[in-house]
Amino acid sequence: MVLKQLQRMGAATIHTIAGLGRAGLMLLGAIIGKPSFRKGAPLLLKQLYVVGVLSLLIIVVSGLFIGMVLALQGYTVLVKFGAEQMLGPLVALSLLRELGPVVTALLFAGRAGSALTAEIGLMKATEQLSSMEMMAVDPLRRIIAPRFWAGVISMPLLAIIFTAVGILGGHLVGVDWLGVDAGGYWSAMQANVDLYQDVFNGIIKSIVFAFIVMWIALHKGFDAIPTSEGISRATTETVVTASLAVLAFDFILTALMFGG
Amino acid sequence: MGIVPALLNSRFICNMENTLSDFIVDIQNMSFSRGDNLIYDRMNMTVAQGKVTAIMGPSGIGKTTLLKLIGGQLKPDSGDILFRGRSIPKMNRSELYQTRKDMSMLFQSGALFSEMSVFDNVAFPIREHTKLPESLIKIMVLMKLEAVGLRGARDLMPAELSGGMARRAALARAIALDPQLIMYDEPFAGQDPISMGIVVKLIRALNNALGLTSVVVSHDVTEVMSIADYVYVVAEKHVIGEGTPEQLRQHESPLVQQFLKGEADGAVPFHYKAAPYADELMELL
């Protein structure tokens, strides 16, 4: 009984390490090598549209509502202490440091990450990746690399848009609806938000999350069992694994950036 | 015999010898397994240049795997696979990709890129491997599409094609770069009689017209025997019969005969391996 349990644990460990190895090789194969602007640029532009532009709607709408909710919740607490002028910094810092990068990454994993996994899994199941290999075209460079870079470029931009829209949403509720002074909202925000500590750290977080989400999404698709069930499982795994990884790395990065 | 016919005859014999020794693919004592499952056990096979060579065998014996081994997508456990005298398993990545420009494969599903039109699918390998101007690429693509009868379907997307048309479009893509070797993976599977007739005609016609070498993997006996110059029957981890279609029809192996005649029972039993039926029933009583 104990031996079987140990065997199962050992098999699971080997499976996980082998998966990490395959994921690492896939990423290295995709991003290391001489870039070709003539072939690469149109592919990257197309993926920036598919991965980035098409995610704009969900990012803008979510950012607006989260900013509005933050302002509403923050106001009810701050007003008790007569500190409603601090609503601007509360909304801005929450979004810049945490919610902007994290929620964008979670939404991105759900929208673009799952779509990428399904797309690549389906390409594998229909032998499109194999046929590309047989045509002496490396699928890692042709399929994986442009999608990876498109995600890494677009996610920080989406996080910036998310944060900006969230701050406007906070303004809408705090200033336009609840009557907080507009000048106070903006000036307190300007006084309390630090460019390096808050804005840059938020962007760094977003870049790290982009790297993680894209890596997981692309690997899950590339490594999927080429059946309908396998692709469905890979898609679910992308959302679950990427979300958990983002939250775990958020804690680590927060501890490093703001912990001491 | 006059001097001229004698010379012609000797030249013909020399050519014959050259042709016979000129194998584009040479599989030597190749073994391959997936996990604990041995697929091929020290198998030998050759593919003669300029000929249509068919590989037949029951489902699940690894015919597609064999094509992937020739294409270098899989590596054998032991033995060697030579393509024009060079070992495929020993090639590094760049050598393998360079060699693949001389070979092509028609996948069972067609494997057309779903987000590209038929035209762009056929143009794909040309755009990837050449720096030709778009006007020249257009001419080349239209020539390939004309050869498979799909010039009028150039703007359709793969989802708009029937199974037979998708296979033909994929064939046009496979010959886009004028490869020396083209491998067909079950080209007749799931085709209606008209589409099947078209594909049969195309394989033979393209082989002759373009000077290709063709390897056709299939279990459609009638179609394969009608176009192949040489046939291998693969089963039980190695080649169980080989020869021209006529030689194969006279083959003494009961397994080959069962396969060619499509008999339900014989060397390959109808029943999957199991304990004796009576014993099992008695156990239940």
Side-chain angles (χ1 to χ4, degrees), chain A residues 11 14-15 18 25-26 28-30 32-51 54 115-116 118-147 150 221-222 225-228 231, chain B residues 64-65 67-74 83 88 91 93-116 120-131 134 158-159 166-167 169-171 173-177 179 181-186 215:
Chain A
I14 290 169
H15 180 76
L25 286 175
M26 182 206 77
L28 286 178
I32 289 180
K34 199 176 78 179
S36 163
F37 184 79
R38 185 178 69 92
K39 286 180 195 165
L43 294 172
L44 180 63
L45 279 177
K46 189 187 170 196
Q47 289 308 318
L48 278 171
Y49 174 77
V50 173
V51 169
L54 294 184
L116 284 173
E119 184 194 13
I120 291 167
L122 208 60
M123 288 181 89
K124 188 178 178 184
T126 52
E127 295 179 308
Q128 292 180 46
L129 297 181
S130 283
S131 73
M132 205 172 268
E133 268 193 347
M134 282 306 295
M135 281 184 260
V137 176
D138 187 353
L140 293 177
R141 303 299 304 277
R142 185 68 171 63
I143 301 291
I144 302 295
R147 283 161 178 77
F222 199 70
I225 298 165
T227 59
S228 49
I231 295 167
Chain B
T64 305
T65 303
L67 295 188
K68 289 191 171 179
L69 283 158
I70 296 171
Q73 288 188 302
L74 296 170
F83 178 74
I88 294 271
M91 284 179 187
R93 194 178 169 79
S94 63
E95 286 173 332
L96 187 61
Y97 270 56
Q98 202 56 39
T99 305
R100 279 184 188 156
K101 289 179 188 170
D102 292 331
M103 55 169 85
S104 192
M105 185 160 162
L106 182 73
F107 286 82
Q108 192 172 348
S109 60
L112 292 170
F113 302 129
S114 45
E115 85 281 15
M116 294 181 193
D120 288 332
N121 261 286
V122 180
F124 179 83
I126 308 173
R127 286 180 180 144
E128 283 294 321
H129 295 303
T130 68
K131 288 180 181 169
E134 205 54 31
R167 205 83 46 105
L171 183 53
R173 187 179 67 179
I175 57 169
L177 284 176
L181 172 72
I182 181 160
M183 297 182 277
Y184 298 86
D185 184 12
E186 300 283 4
V215 177

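Any value given below was found using the heavy atoms of this structure, including those in side chains, with hydrogens, waters and symmetry copies removed. To find a chain, count down the sequence lines: A is the first, B the second, and so on, and within it residues start at 1.
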### Message
Here's one to test your reading of the geometry: is the NZ or CZ of R142(A) within 45 degrees of the ring axis of F124(B) and under 6.0 Å from its centre?
### Response
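So R142(A) doesn't make the cation-pi contact.
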Side chain, backbone, both or neither: which part of [X] has a heavy atom under 4.5 Å from chain A?
X	value
L96(B)	neither
R93(B)	side chain
M103(B)	both
T99(B)	neither

### Query
For T126(A), is it the side chain, the backbone, both, or neither that has a heavy atom closer than 4.5 Å to a heavy atom of chain B?
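Only the backbone of T126(A) comes within 4.5 Å of chain B.
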### Message
Using side-chain heavy atoms (C-beta onward) and a distance below 4.5 Å, is K124(A) in contact with P139(A)?
### Response
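No, every pair of side-chain atoms sits at 4.5 Å or beyond.
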### Nearest-0.5 Å distance, CD of residue Q98(B) to NE2 of residue H129(B)
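Going from CD on Q98(B) over to NE2 on H129(B), the span is 9.0 Å.
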### Task
Take atom CG of L45(A) as the centre, draw a 6.0 Å sphere, and report whether it contains more than 12 heavy atoms from other residues, nucleotides or ligands.
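More than 12 heavy atoms, drawn from other residues, nucleotides or ligands, come within 6.0 Å of this atom.
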### salt bridge (Lys or Arg N to Asp or Glu O under 4.0 Å) partners of E133(A), counting only residues at least two apart
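E133(A): no salt bridge (Lys or Arg N to Asp or Glu O under 4.0 Å) contacts found.
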